[in-house]
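Some notes on the structure that comes next.
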Number of protein chains: 2
Amino acid sequence: MTASAAQTSPRKRAGNGAVRRNDADEIGLDALVGHAGYAVRRFQIWIFQDFIRTLGDVDIRPTQYSVLTVVGANPGLSQMAVAKRLGIERARLVHLLDSLEQRKLVKRTKSKEDRRSHALHLTAQGETALAKFKHLAAEHERHVEARIGKENRAHLLRILAGFT
Amino acid sequence: MTASAAQTSPRKRAGNGAVRRNDADEIGLDALVGHAGYAVRRFQIWIFQDFIRTLGDVDIRPTQYSVLTVVGANPGLSQMAVAKRLGIERARLVHLLDSLEQRKLVKRTKSKEDRRSHALHLTAQGETALAKFKHLAAEHERHVEARIGKENRAHLLRILAGFT
DNA sequence: GAAAGATTGTTGTTGACGACAACAATTGTA
DNA sequence: TACAATTGTTGTCGTCAACAACAATCTTTC
């Protein structure tokens, strides 16, 4: 995909330079097709919407889910460690944890090793809730498979493994 | 990747339940690895940051670039048509076009066919600017190739072609 | 042809999210 | 002991998606 300039291929025009269209779906994307970022963005929007819808009953968004799984798999982690691992800013994580703590899914306890930091743990309620979330997330993942194909999804994960 | 519940595999714990870590990079993601959405989100963040950096000198963000290319390839389009094609809300497109019009890259002209709508065109300045943007975008695309591999990028585009 | 409904662009609000800056408490270091 | 760095927190700013409401303008229906 060389980005040669101005490869515009306009359709039939009306006298005033406007394009006549009966079907709005026949609008060309031109150089946009061939840009990985565009395809990835559209796919990411779709996949997040499906995740949010699938986990809608339990009211868990992707970022919340990522925090819960990491804390669940690594109990005692500090906020700084979680933020760094997930690529979340620590200021943002504060609000996320406020919400999760209000819902009794996570608890902050003062670390005795470093009294600046908080050790993060799932509550008992958080553990059982996370188990349910994981089942729903697996259902969402099956939606992805249904959309792009089982082997394509596997290949995608392999290609993007370096970004996790 | 079956999402059986609570496959937590915590590391060595201290007495208070906190996890000792010297290296912060050895934090497990547990169920997050294997979720397409997580990998895609991280990749999308990376790719957008590179796009923004690569086109930083000309101050063009991915969404602005997508609008310019679509208008450039389909002159005379209405705002509604552009919004629908790109998956942008028409309310959002208003501000995007305000900015692009202030920079003299795009102009809105009243459509004579439908006086509710605006026909969108690139200005002469917009045409030449877009050509430059496309060169920079191609450079960004080469960064993607360097990061994930040429054939992986091609495969990615094929897998996600249905979302463009 | 007139009334009712739908569409287009616009303005505004809300909430999730990333980027930054400042601050107190605490730790590490010179 | 003084100085620098880290951690959690609060706050601001800008981007972005999702809605809702509105006037102007089509489109449909009677």
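Quick note on labels: first sequence line is chain A, next is B, and so on, each numbered from 1.
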*Name all residues meeting the side-chain contact (heavy atoms from CB on, under 4.5 Å) criterion together with A:His118; count only those two or more places apart in sequence or in a different chain, and write none if there are none.*
A:Gln79, A:Arg108
*Taking OP1 and OP2 of C:dA19, is either one under 4.0 Å from a side-chain nitrogen or oxygen of B:Gln49?*
yes
*Is B:Arg61 near enough to D:dG14 that one of its side-chain N or O atoms lies under 4.0 angstrom from OP1 or OP2?*
no
What is the distance, rounded to the nearest whole Å, between atom [atom1] of [X] and atom [atom2] of [N]?
X: B:Ile52; N: D:dT15; atom1: CD1; atom2: P; result: 10 Å
X: A:Arg41; N: D:dT15; atom1: CZ; atom2: P; result: 15 Å
X: A:His95; N: C:dG15; atom1: NE2; atom2: C1'; result: 12 Å
X: B:Arg92; N: D:dG14; atom1: CZ; atom2: P; result: 13 Å
X: A:Phe48; N: C:dG15; atom1: CZ; atom2: C1'; result: 15 Å
X: A:Arg53; N: D:dA17; atom1: CZ; atom2: P; result: 17 Å
X: B:Ile45; N: C:dA19; atom1: CD1; atom2: C1'; result: 12 Å
X: B:Phe51; N: D:dC16; atom1: CZ; atom2: P; result: 12 Å

*Tell me, with the steps shown, if B:Tyr65 and B:Phe133 meet ring pair (Phe, Tyr, Trp, His ring centres under 6.0 Å).*
CA-CA 8 Å; B:Tyr65 179 76; B:Phe133 302 161; 7.3 Å; no
_B:Val71/B:Leu77 under side-chain contact (heavy atoms from CB on, under 4.5 Å): CA gap, chis, key distance, verdict_ = CA-CA 7 Å; B:Val71 172; B:Leu77 233 49; 5.7 Å; no
*Which nucleotides of nucleotides 1-10 of chain C have their base under 4.0 Å from a protein heavy atom (B), which only their sugar-phosphate (S), and which neither (-), written as one string 5' to 3'?*
------BBBB
_Which label fits A:Phe43 and A:Trp46: parallel for a plane angle under 30°, tilted from 30 to 60°, or perpendicular past 60°?_
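Correct class here is parallel.
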*Are the side chain of A:Thr123 and the backbone N or O of A:Lys104 linked by a donor-acceptor pair below 3.5 Å?*
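Judged by distance alone, yes, a pair lies under 3.5 Å.
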*asked:* Main chain of B:Ala131, side chain of B:His135: is a donor-acceptor contact present, judged purely on distance under 3.5 Å?
replied: yes
